Amino acid sequence: MIESALTDNPVSTEEKVSIRSEIRAGDIGYLIYLHGWIYAKECGYNHVFEGYVCKTFYEFLENYSPEKDRIWLAEANGIIIGAIAIVGHTSEKAQLRWFILHPDFRGMGLGKRLLSQATQFCREKGYRQVYLETTEDQKHAIHMYTQAGFRFKKEYRSSAWGVDHVELTYEWNLS
């Protein structure tokens, strides 16, 4: 099981996928790994990106409150294969973060399921504005965001993480 968790194919796509919101020991470390591995493989990002992800998760855990924050972890055979989170910043404003799926589990509707749970949570908590930050190379995710109601707000060029890229901000206004 440990060997399969650290390979390119952690589990079979035939396995039943479940989603949970309980944070367990090791979950965030594995998500940091998953982000580092996927973004290095697909976008050419380096270790600096993984450090950035580590820092953002540290801040999340330091301030985590189930009353304003939530993370959804998709698992197959007990191994995390995807995630999405909402981080509440104020009573009216939240951020969508860490939306990721192992490549073997894309195209099955799991991303839409995760995004739907995150947006429903925002409605239930009464957030009036939700924003997210992404990069221009995340075309499929951007399509899902715009389908859910997020609208483009701004962009800027960056050379962080070992590659030149464009960072984008999207907002979803619920008011």
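In what follows, every heavy atom counts, from backbone to side chain, and hydrogens, waters and symmetry copies are set aside. Owing to the predicted nature of the structure, the values given are computational and were not obtained by experimental measurement.
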Value rounded to 0.5 Å, distance of [atom1] in [X] from [atom2] in [Y]:
X      : Y      : atom1 : atom2 : answer
Gln129 : Gln95  : CD    : CD    : 11.0 Å
Ser116 : Ile84  : OG    : CD1   : 9.5 Å
Gln138 : Leu132 : CD    : CG    : 11.0 Å
Arg70  : Cys122 : CZ    : SG    : 10.5 Å
Leu73  : Ser21  : CG    : OG    : 7.0 Å
Lys125 : Gln120 : NZ    : CD    : 12.0 Å

- Can the positive tip of Lys93 be found less than 6.0 Å from the middle of the six-membered ring of Tyr127, inside 45° of the ring normal?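 Geometry flag: not set, cation outside 6.0 Å or 45°.
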- Message: Parallel, tilted or perpendicular, judged at 30° and 60°: which one describes the rings of His35 and Phe57?
- Response: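 Aromatic pair His35/Phe57 classed perpendicular.
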- Query: Would you call the rings of Trp37 and Tyr33 parallel, tilted or perpendicular if under 30° counts as parallel and over 60° as perpendicular?
  - Reply: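 The arrangement is parallel - the two ring planes meet at less than 30°.
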- Message: Please determine whether side-chain hydrogen bond (donor to acceptor under 3.5 Å, both in side chains) holds for the pair His165 and Glu136, giving the CA-CA distance in whole Å, both sets of side-chain angles, and the decisive distance to 0.1 Å.
- Response: CA-CA 7 Å; His165 61 277; Glu136 84 282 340; over 6 Å; no
- Stepwise side-chain contact (heavy atoms from CB on, under 4.5 Å) test for Leu110 and Ile81: CA-CA 10 Å; Leu110 181 56; Ile81 49 97; 3.4 Å; yes
Restricting to salt bridge (charged side-chain N to carboxylate O under 4.0 Å, His left out), what partner residues turn up for [X], sequence neighbours left out?
X      : answer
Glu133 : none
Asp69  : none
Arg113 : none

At their closest point, which heavy atom of [X] faces which heavy atom of [Y], and how far apart are they?
X      : Y      : result
Pro103 : Ile38  : CD-CD1, 3.9 Å
Glu22  : Asp27  : O-OD2, 3.7 Å
Leu114 : Gly82  : CD1-C, 4.5 Å
Asp137 : Cys43  : OD2-SG, 3.2 Å
Ala94  : Ile86  : CB-CG2, 3.8 Å
Met144 : Lys112 : CE-N, 3.8 Å

Just wondering, do [Y] and [X] contact through their side chains at under 4.5 Å, heavy atoms?
X      : Y      : answer
Thr169 : Glu155 : no
Gln117 : Ile19  : yes
Leu168 : Lys154 : no
Leu96  : Leu115 : yes

- Task: Return each pair, listed once, that meets salt bridge (charged side-chain N to carboxylate O under 4.0 Å, His left out) where at least one residue sits in residues 159-171; pairs must be two or more places apart or across chains.
- Result: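 The answer is none; no pair qualifies.
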- Would you mind checking if Arg106 and Glu42 are paired as a salt bridge, meaning a charged N to carboxylate O distance below 4.0 Å?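 Here Glu42 pairs with Arg106 in a salt bridge, since their nearest N and O are under 4.0 Å apart.
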- Do you know which of Phe150, Tyr131, Phe152 makes ring-ring contact (aromatic ring centres under 6.0 Å, His included) with Tyr170?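 Single ring-ring contact (aromatic ring centres under 6.0 Å, His included) partner of Tyr170 among Phe150, Tyr131, Phe152: Phe152.
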- Query: Knowing that exactly one of Trp161, Tyr39, Tyr58 qualifies, which makes a ring-ring contact (aromatic ring centres under 6.0 Å, His included) with Tyr52?
  - Reply: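 Exactly one pass, corresponding to Trp161.
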- Query: For atom CZ of Arg157, is the number of surrounding heavy atoms from other residues, nucleotides or ligands below 6.0 Å larger than 12?
  - Reply: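 No.
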- Show the numbers, then the answer: is there a side-chain contact (heavy atoms from CB on, under 4.5 Å) between Asn173 and Arg128? CA-CA 6 Å; Asn173 293 306; Arg128 298 172 64 87; over 6 Å; no
- Any residue meeting side chain to side chain donor-acceptor pair (under 3.5 Å) with Tyr45, in chain and number order, not counting sequence neighbours: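 Result, side chain to side chain donor-acceptor pair (under 3.5 Å) vs Tyr45: Thr135.
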- Query: What's the verdict on side-chain contact (heavy atoms from CB on, under 4.5 Å) for Thr134 and Lys139, showing C-alpha distance, side-chain angles and the deciding distance?
  - Reply: CA-CA 10 Å; Thr134 189; Lys139 304 231 184 286; over 6 Å; no
- For Phe60, all residues meeting ring pair (Phe, Tyr, Trp, His ring centres under 6.0 Å), sequence neighbours excluded: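 If we apply the ring pair (Phe, Tyr, Trp, His ring centres under 6.0 Å) test to Phe60, skipping adjacent residues, the hits are Tyr64, Trp98.
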- For Ile100, the option from Leu34, Ile80, Val53 that meets side chain to side chain contact (heavy atoms under 4.5 Å, CB included):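 Result for side chain to side chain contact (heavy atoms under 4.5 Å, CB included) with Ile100: Leu34.
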- Let me see the working for Tyr145 and Trp172 under side-chain contact (heavy atoms from CB on, under 4.5 Å), right down to the final yes or no. CA-CA 9 Å; Tyr145 298 142; Trp172 178 43; over 6 Å; no
- Item | Val48 backbone acceptor or donor facing Asn46 side chain under 3.5 Å |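 Flag set: sc Asn46 to bb Val48 pair under 3.5 Å.
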